[in-house]
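Every chain is numbered from 1 and lettered A, B, ... according to where its sequence line falls, protein lines coming before strand lines.
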There are 2 protein chains.
Amino acid sequence: MLVLPSAFVNLCIFTWREKSLMKLQAPKHSAPRPQAEPALNQKQIVQAALQLLDEVGFEGLTMRNLAKKLGIKAASLYWHMRDKEELLSLLADEICEPMREPDRTLSWQDQLEILGNEFRRVLLAHRDAARVLASSGAPSGPNILRLTEILLRTLLDAGFSSKDAAYAGFMLNDFIVMFVSEETQFAHVPAESAAAASYNAKNWFKALPPDQYPSVIALADDLVESDSNERFKFGIMILRSGLESCLAHRKARNQI
Amino acid sequence: MLVLPSAFVNLCIFTWREKSLMKLQAPKHSAPRPQAEPALNQKQIVQAALQLLDEVGFEGLTMRNLAKKLGIKAASLYWHMRDKEELLSLLADEICEPMREPDRTLSWQDQLEILGNEFRRVLLAHRDAARVLASSGAPSGPNILRLTEILLRTLLDAGFSSKDAAYAGFMLNDFIVMFVSEETQFAHVPAESAAAASYNAKNWFKALPPDQYPSVIALADDLVESDSNERFKFGIMILRSGLESCLAHRKARNQI
DNA sequence: ACCTGAACACCGTTCAAGT
DNA sequence: ACCTGAACACCGTTCAAGT
């Protein structure tokens with residue numbers, strides 16, 4: 001869902017690397033290639049990057065490792081893309097490619113919920129995908145742009161003002177990206193280490209001074225381990241009913 | 001507010017660097033120093049780090065730069081702290097130090113809102129503070145722990161179950177950390193560059209194919225630039241009323 | 001047009017050695 | 001107890017040079 005992460009502004013506002021008004025130019029209209037295919041194109045690089053991501057995670061996704069995987073030198077990558085930021089943008093868009101659109105005849109609430117579930121599904125499909133989206137910073141890709149469109153359209157159709165729709169869009173996007181980043185943070189530590197650490201963490205909380213931290217101690221179990229699906233559902237429910245009552249409030253105000 | 005970021009689990013669950021069950025040990029009971037003060041202690045390092053952060057931002061906050069600022073060699077830092085992760089944890093706690101507690105006689109909604117505003121205030125007080133909190137990964141510090149306690153206590157007092165309180169705590173924390181990360185992302189680019197880029201971004205959106213992206217185009221202005229205070233208020237309002245109706249729903253269900 | 005060699009300017013971290 | 005020298009194993013990126 002959402003699609004316009006911090007990333008969004010990222011691209012919009014001159015990336016802090018000081019070099020990118022240029023990045024907002026129209027997408028490369030893939031130049032007609034009269035001759036044989038070149039050894040390598042952007043698409044192949046992005047797909048190799050996605051594979052590398054699944055193998056080694058976000059930390060291991062370096063330009064050098066990617067080059068190695070492709071059997072070329074790191075410097076060669078810079079012929080096909082401006083920098084790592086662009087790679088991450090392309091990768092983010094690639095990750096969002098399998099997103100399915102919700103049925104437009106459903107209520108806006110259900111459409112948003114489905115969009116949220118879809119976005120999470122797509123993010124869970126690749127290792128550290130949420131971190132890629134969190135750091136990608138560019139809505140330039142067609143898939144992300146399409147998602148943004150669906151999300152914003154749904155909010156506008158529901159009756160939100162431009163501003164509210166934009167704000168809500170950010171919120172929904174951020175929630176999901178953040179949520180999945182968290183829930184997958186330890187997806188790749190060996191199971192027994194994770195269990196031991198979780199046990200350890202609970203005990204650590206419970207050993208805190210009870211007069212100072214009674215609530216933390218009482219909630220230690222729920223803080224340390226939780227059913228991700230349930231927790232996600234809770235979050236979506238909160239946002240859903242929050243948006244609902246916002247809409248009701250605005251409408252009531254307008255009818256006075 | 002919130003206080004238990006992804007970070008939270010981070011520490012809890014064995015950090016992915018594979019070396020940290022140990023990190024959950026009780027905090028170093030500062031050994032009684034019989035002699036003169038050593039040249040350097042942890043507190044001074046953390047304060048220097050905070051200063052360095054304000055000067056050069058999160059990117060520039062490296063162990064090597066920090067050492068240079070302190071007039072020592074980078075290797076020396078490892079005498080006072082395990083690694084950079086620990087530095088970030090300590091720094092996160094230092095950032096949260098000025099948090100004020102909301103008046104307990106207020107409604108839980110108002111207490112949460114005040115807690116949210118306070119957290120944002122504290123994060124805005126230092127450059128890239130939100131990024132530090134997002135990446136700190138450790139609730140071990142006393143300030144963060146105190147905040148967590150207040151937040152969870154407020155939620156429990158409001159009548160939320162343990163699970164709901166824990167989930168809501170994560171949500172509120174994540175929202176604020178993410179929000180401030182976003183709103184400050186371009187705080188340090190020269191004003192005229194930011195303005196130019198924003199202008200550029202709007203035009204880029206507006207030049208998209210109107211049949212494919214009508215909503216994105218319609219909302220271009222609101223997506224690219226927005227009043228942060230207003231947007232934050234919107235988010236808090238959504239969460240507030242979402243939590244309210246969750247609570248009402250649970251209570252109604254329990255009374256049947 | 002596409003790729004490489006070789007370098008530049010960095011990182012975090014370790015560890016034997018100094019005092 | 002505390003700090004340094006020197007190295008290790010990396011990063012992203014540039015650019016002249018090759019083909």
Side-chain angles (χ1 to χ4, degrees), chain A residues 15-20 22-23 28-45 48-49 52-53 56-91 132 135-137, chain B residues 15-20 22-23 28-45 48-49 52-53 56-91 132 135-137:
Chain A
T15 129
W16 48 278
R17 285 169 190 241
E18 264 103 59
K19 46 156 119 174
S20 54
M22 297 307 102
K23 294 195 183 178
K28 250 185 217 168
H29 45 288
S30 56
R33 301 201 184 280
Q35 257 78 340
E37 283 297 299
L40 211 54
N41 60 34
Q42 224 186 41
K43 178 98 187 163
Q44 290 170 50
I45 294 176
L52 183 61
L53 185 70
V56 298
F58 192 76
E59 301 290 307
L61 180 62
T62 69
M63 297 301 266
R64 295 170 113 106
N65 285 344
L66 179 56
K68 199 179 292 168
K69 186 173 180 68
L70 287 162
I72 58 173
K73 301 294 167 185
S76 311
L77 290 169
Y78 292 82
W79 179 261
H80 299 277
M81 46 196 53
R82 193 179 332 271
D83 52 21
K84 190 173 183 181
E85 209 188 327
E86 187 174 1
L87 174 68
L88 290 172
S89 277
L90 294 165
L91 194 52
V132 173
S135 70
S136 78
Chain B
T15 129
W16 49 277
R17 286 171 189 240
E18 263 102 61
K19 47 157 119 171
S20 54
M22 298 308 104
K23 293 195 183 178
K28 250 185 218 166
H29 46 288
S30 56
R33 303 201 182 279
Q35 256 77 341
E37 284 296 300
L40 213 53
N41 61 31
Q42 226 187 40
K43 178 96 186 163
Q44 290 169 50
I45 294 177
L52 183 60
L53 185 70
V56 299
F58 192 76
E59 301 289 307
L61 179 63
T62 69
M63 298 300 267
R64 296 170 114 107
N65 285 345
L66 178 55
K68 198 178 295 168
K69 187 172 179 69
L70 287 161
I72 57 172
K73 301 294 168 184
S76 311
L77 291 170
Y78 292 84
W79 179 261
H80 301 276
M81 46 195 56
R82 193 180 332 271
D83 51 21
K84 190 174 182 181
E85 208 187 328
E86 187 174 358
L87 173 68
L88 291 172
S89 277
L90 295 165
L91 194 53
V132 173
S135 70
S136 77

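Atom CG in A/Leu66 sits about 10 Å away from atom P in D/dG12, given to the nearest Å. Whole-Å rounding puts the B/Trp79 CH2 to D/dC3 P distance at 9 Å. Across the protein-nucleic acid pair, A/Glu85 atom CD and D/dC11 atom C1' stand 16 Å apart, rounded to whole Å. The interatomic distance linking B/Asp83 (CG) with C/dC11 (P) rounds to 17 Å, in whole Å. Rounding to whole angstrom units, CE of residue A/Met81 and P of D/dG12 are separated by 13 Å. The CE-C1' distance, from A/Met63 to C/dC11, rounds to 17 Å in whole Å. Regarding A/Gln44, its CD atom lies at a distance of 12 Å from the P atom of C/dC2, rounded to whole Å. B/Gln42 has its CD atom 12 Å from the P atom of D/dC2, to the nearest Å.
Counting heavy atoms from C-beta outward, A/Leu77 and A/Leu87 have side chains that stay 4.5 Å or more apart. Put simply, the side chain of A/Glu85 does not reach to within 4.5 Å of the side chain of A/Leu88, judged on heavy atoms.
Here the CG-NZ distance, from A/Leu66 to A/Lys69, works out to 9.0 Å after rounding to the nearest 0.5 Å. With rounding to the nearest 0.5 angstrom, the CG atom of B/Leu70 is 9.0 Å from the NE2 atom of B/His80.
Contact detail for A/Lys84 and A/Leu61: the closest heavy-atom pair is NZ-O, 2.9 Å.
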Can you check nucleotides 4-8 of chain D for protein contacts, nitrogen or oxygen pairs under 3.5 Å, and list what you find?
| from | atom 1 | to | atom 2 | distance (Å) |
| --- | --- | --- | --- | --- |
| D/dT4 | OP2 | B/Lys73 | N | 2.8 |
| D/dT4 | OP2 | B/Ser76 | OG | 2.5 |

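The shortest distance between the side-chain N/O atoms of B/Asn41 and the OP1/OP2 oxygens of D/dC2 is not below 4.0 Å. Dashed line: the shortest gap from a side-chain N or O of B/Asn65 to OP1 or OP2 of C/dC11 is under 4.0 Å.
Closest approach to the A/His80 side chain among D/dT13, C/dC3, D/dC3 is made by C/dC3 (side chain taken as heavy atoms from C-beta onward). In this structure, the nucleotide among C/dC3, C/dC11, D/dC11 sitting nearest to the side chain of A/Leu40 is C/dC3.
Taking the P atom of each, C/dC10 and D/dA9 are spaced 22 Å apart, rounded to whole Å.
The main-chain N or O of A/Glu86 is found under 3.5 Å from a side-chain atom of A/Asp83 such that the two form a donor-acceptor pair.
Stretches of at least 3 consecutive Watson-Crick or G-U wobble pairs, with each checked distance under 3.5 Å, appear in DNA chain D as C:4-8 with D:12-16, C:12-16 with D:4-8.
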